[in-house]
Enquirer: 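Encoded as structure tokens, here's the structure I'll be asking about.
Starting from 1, each residue takes its place in the sequence as its number.
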Amino acid sequence: MLEANTFQRAYTPQHKEQRAADLMEAARTLASRDGVRGVTLTAIATQAGVHASAVRRYYASREEILLTLAEEGYRDWSHAVTTLLDGPGTTASAELAHALADTLAERPLFCDLLTHVTLNLEREVTYDRVRAFKTAAVGAMDDLARSIVAAGVLDRAQAWDLITAVIAMTAPLWQAAHPAETLTRLYAEEPAMAHVSVDFAPTLTRLLTALVDGMTASRT
């Protein structure tokens, strides 16, 4: 749990900003530890050391808080990939695939959030909030597309298709690679079913390498 603030109720702009940051950090901690699916406003308030009613002074819903974390995730992931691809010469398809898959594997919370963004988070916030989220996410993806094109592997249209595919594959693969306790037990007790389990980063890397190879072959 976060350390108790020295102020009980936020009155000054600084205190309000700190309270909002505390609530966001509480949500990040809970989602990272217990999974996005189980995060509630009450749990966020408890983790932050405030009354549950206080949360709604800063955020309209848990979905708004989690969507904010997803927005941060897009920016962070895009920056990480762009940094890896920043250099002279042409990047091989396998190198590009590794850069995308490995940076995602290093961001488990973002991978988990990707499952919930389209399923419920975008659907349960206001128009203004979802517009702000989409603006930030598309901006991050545009930066990512430019870095992929600059790496000399794909053209712009192909780079956008690749990013779309990465996001579409990441959500189910991440969940499959981190099954519920009942599935983990099933795979242990029924070895014949264990082959359906997924190793996230290697699987995503193989699929992306094949996809990039196919895209580059279509240009020749």
Side-chain angles (χ1 to χ4, degrees), residues 24-25 27-29 31-32 35-36 65-119 121-122 129-178 197-220:
M24 192 62 61
E25 186 59 32
R28 181 181 289 105
T29 298
S32 298
V36 171
I65 296 173
L66 294 172
L67 199 63
T68 301
L69 292 178
E71 183 179 311
E72 293 176 357
Y74 267 108
R75 292 195 186 100
D76 179 55
W77 175 55
S78 175
H79 177 73
V81 177
T82 299
T83 300
L84 283 177
L85 298 181
D86 184 22
T90 301
T91 302
S93 58
E95 292 176 313
L96 175 57
H98 270 292
L100 293 166
D102 291 347
T103 51
L104 283 167
E106 293 166 356
R107 291 162 173 79
L109 175 55
F110 181 53
C111 293
D112 192 8
L113 283 163
L114 286 176
T115 300
H116 300 273
V117 166
T118 54
L119 284 177
L121 300 184
E122 291 179 332
R129 186 64 193 90
V130 80
R131 184 179 185 277
F133 167 73
K134 283 297 189 184
T135 299
V138 170
M141 289 188 287
D142 194 47
D143 290 341
L144 184 53
R146 282 198 297 269
S147 70
I148 292 173
V149 172
V153 183
L154 304 173
D155 62 30
R156 182 168 176 79
Q158 290 173 325
W160 270 99
D161 282 346
L162 177 62
I163 294 168
T164 300
V166 173
I167 294 169
M169 286 189 281
T170 293
L173 285 176
W174 180 261
Q175 299 302 330
H178 300 82
S197 62
V198 172
D199 193 355
F200 176 73
T203 301
L204 184 58
T205 300
R206 288 195 302 272
L207 292 173
L208 293 179
T209 300
L211 180 58
V212 175
D213 283 341
M215 287 178 169
T216 55
S218 69
R219 295 170 59 184
T220 60

Enquirer: Compare every heavy atom of Met215 with every heavy atom of Leu162, then report the nearest pair and how far apart it is.
Expert: N-CE, 3.9 Å
Enquirer: Check whether any side-chain heavy atom of Leu114 sits under 4.5 Å from a side-chain heavy atom of Ile167, and report yes or no.
Expert: yes
Enquirer: Salt bridge or not between Asp161 and Arg156? Use side-chain N to carboxylate O under 4.0 Å.
Expert: no
Enquirer: Judged by atom type as modelled, is there a donor-acceptor pair below 3.5 Å linking the side chain of Asp155 to the main-chain atoms of Gln158?
Expert: yes
Enquirer: Between atom CG of Asp199 and atom OG1 of Thr205, what is the distance when rounded to the nearest 0.5 Å?
Expert: 9.5 Å
Enquirer: Taking Leu144's backbone N and O only, do any of them form a donor-acceptor pair with Ser147's side chain (distance below 3.5 Å, no angle check)?
Expert: yes
Enquirer: Please find the pair of heavy atoms, one from Ser78 and one from Ala140, that lie closest to each other, and give the distance.
Expert: OG-O, 2.7 Å
Enquirer: Looking at CG of Leu154 and OG of Ser93, how far apart are the two atoms once the value is rounded to the nearest 0.5 Å?
Expert: 9.0 Å
Enquirer: Supply the atom-to-atom distance Phe133 CZ to Thr68 OG1, rounded to the nearest 0.5 angstrom.
Expert: 9.5 Å
Enquirer: Look at the aromatic rings of Trp77 and Phe110 and report parallel, tilted or perpendicular, splitting at 30° and 60°.
Expert: tilted
Enquirer: Yes or no on side chain to side chain contact (heavy atoms under 4.5 Å, CB included) for Leu204 and Trp174, after CA distance, side-chain angles and deciding distance?
Expert: CA-CA 9 Å; Leu204 184 58; Trp174 180 261; over 6 Å; no
Enquirer: If every non-hydrogen atom of Cys111 is compared with every non-hydrogen atom of Phe200, which pair is closest and at what distance?
Expert: SG-CZ, 4.1 Å
Enquirer: Would you compute the distance between atom CG of Leu69 and atom OH of Tyr74 and round it to the nearest 0.5 angstrom?
Expert: 13.5 Å
Enquirer: What's the shortest heavy-atom distance between Ala159 and Ala145, and which atoms?
Expert: CB-O, 3.9 Å
Enquirer: Could you give me the CA-CA distance, side-chain angles and deciding distance for Leu104 and Val166, then say whether side chain to side chain contact (heavy atoms under 4.5 Å, CB included) is met?
Expert: CA-CA 10 Å; Leu104 283 167; Val166 173; 3.5 Å; yes
Enquirer: For His98, does the NE2 atom sit with more than 12 other heavy atoms under 6.0 Å from it, leaving out its own atoms?
Expert: no
Enquirer: Within this structure, what is the OG1-CG distance for the pair Thr203 and Leu207, rounded to the nearest 0.5 Å?
Expert: 6.5 Å
Enquirer: Begin from the C-alpha positions of Leu100 and Ile163 and carry the test side chain to side chain contact (heavy atoms under 4.5 Å, CB included) through to its verdict.
Expert: CA-CA 9 Å; Leu100 293 166; Ile163 294 168; 5.8 Å; no
Enquirer: Kindly compute the distance separating OG1 (Thr209) from CG (Asp213), expressed to the nearest 0.5 Å.
Expert: 6.5 Å
Enquirer: So among Thr83, Val81, Thr82, which one has a side chain to side chain contact (heavy atoms under 4.5 Å, CB included) with His79?
Expert: Thr83
Enquirer: Report yes or no: does Asp112 contribute a side-chain atom to a donor-acceptor pair with the main-chain N or O of Val36 at less than 3.5 Å?
Expert: yes
Enquirer: Please list all pairs passing the salt bridge (Lys or Arg N to Asp or Glu O under 4.0 Å) test where one or both residues lie in residues 70-81, with sequence neighbours left out.
Expert: Arg28-Glu72, Glu71-Arg75, Glu71-Arg129, Asp76-Arg107
